[in-house]
Trainee: 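The structure that follows is given in the form of structure tokens.
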Amino acid sequence: MKKKNDLIIKNLFSINKKICVVTGASGSIGKEISKLLRLNGAIVIRIDKTGKENLKKNYFKADISDIKKIKEIINQIYKKYKRIDALLNIAGISENKNYLNNIKINLISAYEITKLVTEKMVKKKKGSVVNFTSLNSEMGFKNNPGYVASKGGLKQLTKAFAIDFSNKNVRFNNVGPGYIKTNMTLKSFNDPIKKRERLNRIIMNRFGVPNDLFGIIVYLISDASKYVTGQDFYIDGGFLAKGI
Ligand SMILES: NC(=O)c1ccc[n+]([C@@H]2O[C@H](COP(=O)([O-])OP(=O)(O)OC[C@H]3O[C@@H](n4cnc5c(N)ncnc54)[C@H](O)[C@@H]3O)[C@@H](O)[C@H]2O)c1
């Protein structure tokens, strides 16, 4: 017989009516994830530096390094919904010609926006932050030290926040996509040599697609992961697990 505390999968993984803030929401991954969250009942607030602002559709055009504007947006969202359940830090750049810009956007801006949103989550003693890291958080890759350093730093930032906010029931975790076929990886996908090099490393022998990331996101923002914080989840078709 079912007891009061028995967990029911439908409720455990529910994201229905969760207030989710997504940065990088116009990008390949952010757009797909925002759509899937909405289709599954979440209320999604999208932020990106590109696209056309549409406040009725909860789309804010903003650069995440413009901290003043981001603060206004977060305050506006909190005023409207009275809570923020999840923050997905998906906005990111990979600029091999500008070392500092990678650090500025992928690490410093992610830090700033996370602080602002966490302030709101703390008031409700509940929240989940998902930072988008990378294989570059674990391994070195050539010709892009700024990106590698920024994603390595972000991975650790998640763990630091997980500790600082543990007593407030705000959880922080990393999702590291492997080679997902997006604008960011198009060059290596379209170059036969680079593509083969990468496929040789991927156990599942294919590039991922943005919706391959959805399952872990549902897990991390739902109650199914209520005892999970400070962790790294690599959704990479087995890239990091493969030897020779
Ligand atoms: N595609 C992959 O295989 C892959 C692998 C590992 C990690 N990632 C990470 O996943 C995230 C999404 O990647 P993607 O492939 O969808 O990239 P993408 O370039 O398609 O999307 C990134 C989005 O972030 C937005 N953005 C960038 N800087 C911003 C800023 N300052 N303010 C607001 N918005 C900004 C861009 O406008 C864009 O819409 C990134 O953080 C990336 O580092 C991607």
Side-chain angles (χ1 to χ4, degrees), residues 21-36 45-53 59-74 87-96 98 100-114 116-117 129-141 144 146-155 157-158 173-190 194-195 197-199 201-202 204 206-214 216-217 232-237 239-240:
V21 176
V22 178
T23 72
S26 280
S28 315
I29 293 174
K31 197 172 183 174
E32 179 70 5
I33 296 303
S34 298
K35 184 190 83 183
L36 293 175
I45 294 95
R46 295 168 295 152
I47 302 175
D48 202 291
K49 67 179 177 185
T50 63
K52 199 164 173 248
E53 184 147 290
Y59 188 87
F60 292 87
K61 183 174 180 177
D63 192 310
I64 56 166
S65 64
D66 182 350
I67 200 64
K68 197 165 159 253
K69 179 144 191 214
I70 294 295
K71 192 172 183 179
E72 280 166 19
I73 294 171
I74 301 302
L87 168 66
L88 306 186
N89 278 318
I90 302 183
I93 55 166
S94 174
E95 288 184 0
N96 58 4
N98 192 337
L100 276 184
N101 237 6
N102 296 281
I103 309 278
K104 180 178 164 202
I105 301 304
N106 299 347
L107 183 56
I108 298 174
S109 299
Y111 170 90
E112 302 278 13
I113 190 168
T114 300
L116 289 171
V117 173
V129 176
V130 179
N131 285 330
F132 270 61
T133 54
S134 166
L135 299 173
N136 291 254
S137 303
E138 296 292 332
M139 308 170 106
F141 287 82
N144 210 348
Y147 185 74
V148 176
S150 70
K151 292 294 183 178
L154 184 63
K155 172 188 152 177
L157 179 68
T158 300
N173 290 287
N174 291 323
V175 166
Y179 279 92
I180 309 295
K181 194 183 164 202
T182 70
N183 292 336
M184 218 178 241
T185 56
L186 210 57
K187 257 195 194 154
S188 46
F189 187 81
N190 288 336
K194 287 190 171 158
K195 186 177 181 187
E197 255 174 13
R198 283 152 184 75
L199 288 178
R201 292 290 318 258
I202 301 171
M204 295 186 78
R206 68 167 173 87
F207 275 48
V209 290
N211 76 19
D212 287 331
L213 304 167
F214 190 57
I216 192 68
I217 289 169
D232 299 299
F233 296 88
Y234 289 100
I235 311 301
D236 63 356
F239 188 107
L240 284 176

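All ligand and atom numbering here is 1-based and tracks the order in the structure. Quantities reported herein were computed from a predicted structural model and do not represent experimental measurements.
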Trainee: Check whether any side-chain heavy atom of Ile47 lies under 4.5 Å from a side-chain heavy atom of Tyr59, and answer yes or no.
Mentor: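 No - every pair of side-chain heavy atoms lies 4.5 Å or more apart.
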Trainee: Have a look at Gly178, Ser134, Ala91 and point out the one with the heavy atom closest to atom 4 (C) of ligand 1.
Mentor: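 The residue whose heavy atom sits nearest atom 4 (C) of ligand 1 is Gly178.
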Trainee: Using the salt bridge (charged side-chain N to carboxylate O under 4.0 Å, His left out) rule, take Lys35 and Glu32 through it: C-alpha gap first, then chi angles, then the decisive distance, then the call.
Mentor: CA-CA 5 Å; Lys35 184 190 83 183; Glu32 179 70 5; 3.5 Å; yes
Trainee: Is the Phe141 ring parallel, tilted or perpendicular to the Tyr179 ring (thresholds 30°, 60°)?
Mentor: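 Perpendicular: the ring planes of Phe141 and Tyr179 meet at over 60°.
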Trainee: Show which atoms of ligand 1 fall inside a sub-4.0 Å distance from at least one heavy-atom site of Thr133.
Mentor: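 Counting from 1, the qualifying ligand atoms are 6 (C), 7 (C).
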Trainee: Any atoms of ligand 1 less than 4.0 Å from a non-hydrogen atom of Thr185? List them with their elements.
Mentor: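 It comes down to these atoms of ligand 1: 1 (N), 2 (C), 3 (O).
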Trainee: Looking only at the side chains, is there a donor atom on one of Glu95 and Asn102 sitting less than 3.5 Å from an acceptor on the other?
Mentor: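 No, Asn102 and Glu95 have no side-chain donor paired with an acceptor closer than 3.5 Å.
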Trainee: Are Thr114 and Asn89 close enough, and set up right, to give a side chain to side chain donor-acceptor pair (under 3.5 Å), and what steps lead you there?
Mentor: CA-CA 8 Å; Thr114 300; Asn89 278 318; 2.9 Å; yes
Trainee: Could you tell me the residue and atom name of the protein heavy atom closest to atom 21 (O) of ligand 1, and the distance to it rounded to 0.1 Å?
Mentor: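 That would be Gly27 CA, 3.3 Å.
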Trainee: Show which atoms of ligand 1 fall inside a sub-4.0 Å distance from at least one heavy-atom site of Ala62.
Mentor: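 Every atom of ligand 1 under 4.0 Å from some heavy atom of Ala62: 32 (N), 33 (C).
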Trainee: Looking only at protein heavy atoms, identify the closest one to atom 34 (N) of ligand 1 and say how far it is in Å.
Mentor: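 Minimum-distance protein heavy atom for atom 34 (N) of ligand 1 reads Lys49 N, 3.2 Å.
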Trainee: Tell me the protein heavy atom at minimum distance from atom 43 (O) of ligand 1, and give that distance in Å.
Mentor: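 Minimum-distance protein heavy atom for atom 43 (O) of ligand 1 reads Tyr147 OH, 2.6 Å.
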Trainee: Does any N/O atom on Ile180 come nearer than 3.5 Å to any N/O atom on ligand 1?
Mentor: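 Indeed, backbone or side chain, Ile180 has an N or O that close.
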Trainee: Check whether any side-chain heavy atom of Lys155 sits under 4.5 Å from a side-chain heavy atom of Glu138, and report yes or no.
Mentor: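 Heavy-atom side-chain distance check passes, below 4.5 Å.
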Trainee: Quick test: of every protein heavy atom, which one is nearest to atom 6 (C) of ligand 1, and how far off is it to 0.1 Å?
Mentor: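 Answer for atom 6 (C) of ligand 1: Pro177 O, 3.3 Å.
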Trainee: Give me the nearest non-hydrogen protein atom to atom 13 (O) of ligand 1 as residue plus atom name, then the distance to 0.1 Å.
Mentor: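 For atom 13 (O) of ligand 1, the nearest protein heavy atom comes out as Ile29 CD1, 3.9 Å.
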Trainee: Which ligand 1 atoms, with their elements, are less than 4.0 angstrom from a heavy-atom of Ile93?
Mentor: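 Contacts of ligand 1 toward Ile93, numbered from 1: 27 (C), 28 (N).
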Trainee: Check each atom of ligand 1 against the heavy atoms of Ile105 and keep those under 4.0 Å away; list them by number with element.
Mentor: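 Once the distances to Ile105 are compared, the set is 28 (N), 31 (N).
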Trainee: Among all the protein's non-hydrogen atoms, which is closest to atom 15 (O) of ligand 1, and how far away is it?
Mentor: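 Nearest protein contact, heavy atoms only, for atom 15 (O) of ligand 1 is Thr182 OG1, 2.6 Å.
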Trainee: With a cut-off of 4.0 Å, which atoms of ligand 1 are near a heavy atom of Ile90?
Mentor: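 Near Ile90, the atoms of ligand 1 are 11 (C), 12 (C), 40 (C), 41 (O).
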Trainee: Heavy atom of Lys151 under 4.0 Å from ligand 1?
Mentor: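 True for this residue.
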Trainee: May I ask you to identify the nearest protein heavy atom to atom 32 (N) of ligand 1, giving residue, atom name and distance to one decimal place in Å?
Mentor: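 In this structure, atom 32 (N) of ligand 1 has Ile64 N, 2.9 Å as its nearest protein heavy atom.
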Trainee: Say you draw a straight line from CD1 of Ile113 to CD1 of Ile73; how long is it, rounded to the nearest 0.5 Å?
Mentor: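 Nearest 0.5 Å value for the CD1-CD1 distance: 7.5 Å.
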Trainee: Compare Thr50, Asp63, Ile47 and give the one whose heavy atom is closest to atom 31 (N) of ligand 1.
Mentor: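 Looking at heavy atoms only, the winner is Asp63.
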Trainee: Atoms of ligand 1 less than 4.0 Å from Met184 heavy atoms?
Mentor: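 Reading through ligand 1 atom by atom, the close ones are 15 (O), 17 (O), 42 (C), 43 (O).
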Trainee: Would you call the rings of Phe207 and Phe189 parallel, tilted or perpendicular if under 30° counts as parallel and over 60° as perpendicular?
Mentor: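 Taking Phe189 first and then Phe207, their aromatic rings stand perpendicular (interplane angle over 60°).
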Trainee: Hey, which atoms in ligand 1 end up nearer than 4.0 Å to a heavy atom of Asn183?
Mentor: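 What qualifies from ligand 1 is 20 (O).
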Trainee: Tell me which protein heavy atom sits closest to atom 39 (O) of ligand 1, plus the residue, atom name and distance to 0.1 Å.
Mentor: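 Minimum-distance protein heavy atom for atom 39 (O) of ligand 1 reads Asp48 OD2, 2.7 Å.
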